[in-house]
A.B. asks: 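Take a look at this one; I'll ask things after.
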Amino acid sequence: MIDTHAHIDSEQFDTDRQEMINRAFDAGVEAIIIPSIGPEGFDKIQAIVESDPRIYRGMGIHPHNANDASDVNLERVERESQNTRVVAIGEIGLDYYYDFAPKDMQRAVFREQLLIAKRQNLPVIIHNRESDEDVLSIIEEEQDGKLNFVLHCFSSSVEVLHRAISLGGHISFTGNITYKKSTLSDVILQTPIDKIMIETDSPYMAPVPYRGKRNEPSFVGMVSSKIAEIHNLTLDKVNSMTSQTSRAFFRIGLLLLIFTSTLVLSLQSSNAQTRESDRAADDGTDSEEIEEIPENPFPKKFGFGLMMGPNTVVESIQCSGGGKRESRSYEGFLAFGAAANYTVFDYLQLEANYLYSKNNKEVAKGALEPNIYHFINVSARFIANPRKPICFFATAGTSIVLSSIWVGETVKENKSTISGGIGLYGNINTSFGIISPMAELKLDFYLTSADRSNDFKCGTLTAPVPANVSTFYSIARLGVYWYPNF
Ligand SMILES: [Zn+2]
Ligand SMILES: [Zn+2]
């Protein structure tokens with residue numbers, strides 16, 4: 001979760017700011033963005049963001065303070081927007097509800113800061129209260145393909161939503177969507193999930209059940225759970241989608257990746273480097289940054305699978321008394337079974353599986369009992385591209401094969417193999433977890449062989465003789481795995 005809009009510099013947090021920040025990170029918040037209101041607060045915010053690498057800021061002048069937007073102060077906004085940790089221009093916009101500054105002045109200051117954002121290649125956090133028409137028409141005029149914006153604390157109509165989306169905008173929701181009388185359900189439902197961000201707008205807008213109290217970033221999950229309910233998605237899904245969107249929008253993916261990879265880097269300098277590379281890059285790099293985000297859109301932990309496929313058994317026979325090695329095979333009889341696996345990290349799964357197969361082919365030739373094979377296998381599965389809807393993998397492992405073989409009588413054999421396979425699987429996100437259909441060609445190469453006494457007619461001999469048998473198995477299997485949400 002990323003709280004994309006929290007005024008944690010507010011004096012309401014002066015007595016317990018660090019505890020409040022700790023509560024947020026303990027609650028699973030990955031990052032907090034503090035928007036600026038006006039010049040008198042700029043330095044205080046900078047001190048807070050420099051205290052923790054997971055806190056970022058916007059730089060800008062709120063419409064309430066449009067009176068303060070002198071040329072000097074606008075120059076300061078532009079200059080300090082180049083500081084490290086500044087990820088947006090904002091919050092800026094229009095507020096015709098409070099009307100603290102004349103409307104034409106608000107419009108001019110808003111437009112001026114949109115120009116700064118475009119020059120500095122930064123996204124914009126937009127405040128809009130009872131000023132839908134003017135906010136949208138100014139964006140329309142300024143949108144030349146370079147403007148990335150989010151309408152924060154979105155509380156407007158579906159029509160405004162559609163216009164904002166068609167202008168390339170993002171939408172951020174806050175605690176007021178949890179209120180009983182909220183009329184925003186339809187708006188939320190019509191907002192594409194990949195355009196949604198979440199925020200608290202702390203210390204205001206506390207979600208139910210804290211409505212009316214001081215709000216803080218640790219409550220941001222209540223906003224996402226309302227969105228999850230309306231979009232009929234899991235909370236995990238909403239949290240990971242909104243985090244991904246926020247990281248791409250504010251370009252904080254690299255920073256978080258560096259932080260979470262526990263590399264002991266000088267955070268200050270790595271931030272500076274990242275900001276610079278972000279700046280050097282233009283719009284086309286957004287997709288690259290999405291690939292570098294640490295979270296997998298298909299998160300897995302435990303998985304359970306069912307599988308089946310044709311088993312081919314090849315026996316390589318060495319008759320006692322010498323002679324040429326001979327082979328015979330039984331092709332395509334059915335094997336089926338089950339598997340459980342554990343995802344160690346995105347690229348590696350450990351799996352245990354069991355397959356059963358029965359070969360009736362010798363029965364057709366007069367044997368009294370079929371050959372039966374039990375495969376007990378443990379494998380490591382290496383995934384080449386775990387974040388894609390279709391993933392390719394290779395497996396390596398070992399099996400114990402317990403078999404009952406009819407050689408005039410039933411003999412039991414225990415053999416060991418090493419196994420290897422290649423395959424692919426799909427990732428389908430559902431409300432009850434990830435469903436993953438898979439196909440794999442798996443080969444088991446014998447490590448141990450078995451001595452059989454009276455099965456074979458070797459060479460020119462007409463009577464059965466003892467022989468040593470090495471067995472090789474090939475199973476092309478199809479399966480489906482289920483990775484429940486935890
Ligand atoms: Zn606002
Ligand atoms: Zn705000």
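Because the structure is a prediction, the values reported are computed rather than measured. Every number for a ligand or one of its atoms is a count from 1 in the order of the listing.
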A.B. asks: Between the Zn ion (ligand 2) and His7, is there an N, O or S atom separated by less than 2.8 Å?
C.D. replies: yes
A.B. asks: Please report the C-alpha distance between Glu19 and Arg17 in whole Å, then the side-chain angles of each, then the deciding distance to 0.1 Å, and finally whether the salt bridge (Lys or Arg N to Asp or Glu O under 4.0 Å) criterion is met.
C.D. replies: CA-CA 6 Å; Glu19 290 84 343; Arg17 182 169 293 106; over 6 Å; no
A.B. asks: Do any of the N, O or S atoms of His5 sit under 2.8 Å from the Zn ion (ligand 2)?
C.D. replies: yes
A.B. asks: Ignoring hydrogens and angles, tell me if any N or O in the side chain of Thr398 forms a donor-acceptor pair with the backbone of Thr417 under 3.5 Å.
C.D. replies: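 Pair found, side chain donor or acceptor close to backbone of Thr417.
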A.B. asks: Inspect the surroundings of CD1 in Ile422 and state if more than 12 heavy atoms from other residues, nucleotides or ligands are less than 6.0 Å away.
C.D. replies: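 No, because the 6.0 Å sphere around CD1 of Ile422 holds 12 heavy atoms or fewer from other groups.
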A.B. asks: Measure from the side-chain N and O atoms of Ser224 to the backbone N and O of Gly221, and report whether any donor-acceptor pair falls under 3.5 Å.
C.D. replies: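 At least one qualifying donor-acceptor pair exists.
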A.B. asks: Closest N/O/S atom of His127 to the Zn ion (ligand 1), by atom name?
C.D. replies: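 His127's closest N, O or S atom to the Zn ion (ligand 1) is named ND1.
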A.B. asks: Of all N, O or S atoms in Glu91, which has the smallest distance to the Zn ion (ligand 2)?
C.D. replies: OE2
A.B. asks: How about His62: does one of its N, O or S atoms come closer than 2.8 Å to the Zn ion (ligand 1)?
C.D. replies: no
A.B. asks: Between Ser36 and Gly38 (side chain of the first, backbone of the second, donor and acceptor by atom type, cut-off under 3.5 Å), is there such a pair?
C.D. replies: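 Judged by distance alone, no pair lies under 3.5 Å.
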